Amino acid sequence: MQLQIYNTLKREKELFVPRIPGKVSMYLCGPTVYNRIHLGNARTFVLGDTIRRILSFLGYDVTYVQNFTDVDDKIIVRAAELNITVDELVEQEIKNYFEDAKALGILPADKHPRVTAHIGDIIAFIGDLIAGGFAYVGGGDVFYDVQKFPAYGQLSGQKLDDLVMGSRVEAGEAKRHPADFALWKGAKPGEPFWDSPWGKGRPGWHIECSAMVRAELGGHIDIHAGGMDLQFPHHENELAQSEALCSGEPFARYWVHGAFLNVNDGKMSKSQGNFFILSDVLKRYDGNIVRFFLQSAHYRKPLSFDATSLDSATVALNRLRNACGALEHVLTALNAPQAAGEMLNLDQYEARFKSALADDFNTAEAWGVLFELARDANAALALKGIANAELALSLMQRLAGVLGVELTVDRSLDEEIEALIARREEARFARDYWTADNIRVLLAELGIELLDTPQGVRWKLK
RNA sequence: GGCGGCGUAGCCAAGUGGUAAGGCAGAGGUCUGCAAAACCUCUAUUCCCCAGUUCGAGUCUGGGCGCCGCCUCCA
């Protein structure tokens, strides 16, 4: 099945056709590094990583870029609050981001450009816009002239006239049109600044992505992704900037926007105070569980989060882990495939898994397929055994791995523990259940749970 | 005011024309020295409401109700 992607620009699912056959260039708007990301932010970053992994799984050679916005009002304010420099804050928060990302199974992008490392590219980009008649200098700032770009509003479905009504126009601004936005902001006292042809200052928010895409991926990309809230104005502005300089071919062929994580039916956000800092959540829940939870709904639909969400996700994921553990156990306990057992039609699960993902990255449906595989494997195991247990196990782990979730099975214990387990087996065999149960309790205190099965004792870490 | 989205069992959530995936919770059963895991059965005659199109609609069209998001920094 061929990949279909919902393109925000077209408002419909489209067959995915990259610019260059077999290759995909993808850009995701990354975090503004002023504090730790929350669970809602994580949803989008997991989405980007998931799409990237799925594209690879489907055979594409992917180049994935995710930026860091490291100069911004919030960063300046936060650094002042903490009484540290902007650089110190930025370095710390980037480090924190990677720590969080790693816990969630988010692979490092091929490139993580920072705005401050691309000031030259940004200045050049603005220069090109001015030269092309799409931007003008006003006061110490440079603005994008939306009226020079007739297609403005195409991504968000907004009309310029309608935008005027809702926009807040600050008095004294040198804008020609209320929807014009700053490409370069003149320096204010105490803020970071760089020299430019228009005086000292710093980049506006939107220009960074246009410039970094051009610098890192060339003027055109296949997929541009980000959270729903970036659709307007950020991506609309970005599109206007980039496409002003590349008439004809589109800047991004597919725009992908992820829905929010909801709390009490409302968007989780800093300003509403209903957010959960990811690093706090990760103290209580394994990153695999959080990632699985975030993938449990289709990315374009809001996902509800409440106090029970991660607990039920834990139980659910344990179901898959237990199935893997059971398969692993029969393989090691019997030390040979059960030739007489049932032969599961594994290709069927993989095909369904793949077509779910090829249908606009439907991870929720894909997980459903893995649960069915787990159930069928467990059922077969309980009856006649499975002839292709080894393949079933590796398939389940491989497909979960496509989604970035590890279904690991613990394989080794130290000798002391092994000896205890053996002693308990002897005791059980001798019907000395008092000793056997004491050993079980002892091991439980060490975090090891024993499971008695027809194929002998199995253990797992609690 | 402009633009957009959502409404499927107690909860989470797939499904965009062919007769309701999956997970959690719950009930009963099987297995079991115990425990755990697992399996089986049951839990939406029905997808917010009304009308329409169709042989057939959760899925398409029109209207209504409710909720949410963006338009200001925001994943």
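All of these numbers come straight from a predicted model, not from anything done at the bench. In what follows, chains are A, B, ... by sequence order, proteins preceding strands, each numbered from 1.
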What does the list of N/O pairs under 3.5 Å between the protein and nucleotides 5-9 of chain B look like, with a distance for each?
none

Please write out each protein N/O paired with an N/O of nucleotides 32-34 of chain B under 3.5 Å, distance rounded to 0.1 Å.
residue, atom, partner, partner atom, Å
rG33(B), O6, R424(A), NH2, 3.3
rG33(B), O6, R428(A), NE, 3.3
rG33(B), N1, D437(A), OD1, 2.9
rG33(B), N2, D437(A), OD1, 3.3
rG33(B), N2, D437(A), OD2, 2.4
rC34(B), O2, R440(A), NH2, 3.3
rC34(B), N3, R440(A), NH2, 2.6
rC34(B), N4, D452(A), OD2, 2.3

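Residues that satisfy the side chain to side chain donor-acceptor pair (under 3.5 Å) test with Q348(A), not counting sequence neighbours, are R352(A). Residues forming a side chain to side chain contact (heavy atoms under 4.5 Å, CB included) with Q2(A) (at least two apart in sequence, or on another chain): L15(A). Qualifying side chain to side chain donor-acceptor pair (under 3.5 Å) partners for T308(A), counting only residues two or more places apart in sequence or in other chains: D306(A). Scanning for side chain to side chain donor-acceptor pair (under 3.5 Å) contacts around Y6(A) gives an empty result, with sequence neighbours left out. Applying the side chain to side chain donor-acceptor pair (under 3.5 Å) rule to E216(A) yields the partners K111(A), H118(A); only residues at least two apart in sequence or on another chain are considered. Scanning for ring pair (Phe, Tyr, Trp, His ring centres under 6.0 Å) contacts around F149(A) gives an empty result, with sequence neighbours left out. In this view, N7(A) and L9(A), K10(A), E14(A), Y254(A), W255(A) satisfy the side chain to side chain contact (heavy atoms under 4.5 Å, CB included) rule, not counting sequence neighbours.
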Exercise for the section: Summarise protein proximity over nucleotides 18-31 of chain B in one line of letters, 5' to 3': B for base, S for sugar-phosphate only, - for none, counting protein heavy atoms closer than 4.0 Å. Expected result: ---BSSS-------
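Applying the ring-ring contact (aromatic ring centres under 6.0 Å, His included) test to pairs two or more places apart or on separate chains, those with a residue in residues 302-328 of chain A are F276(A)-F305(A), F293(A)-F305(A). Listed by first then second residue, pairs satisfying salt bridge (charged side-chain N to carboxylate O under 4.0 Å, His left out) with a partner in residues 28-38 of chain A read R36(A)-E99(A), R36(A)-D100(A), not counting sequence neighbours.
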Practice task
Verify salt bridge (charged side-chain N to carboxylate O under 4.0 Å, His left out) between R321(A) and D286(A), making sure each step is shown before the conclusion.
Solution key: CA-CA 13 Å; R321(A) 286 168 168 160; D286(A) 181 88; 3.6 Å; yes
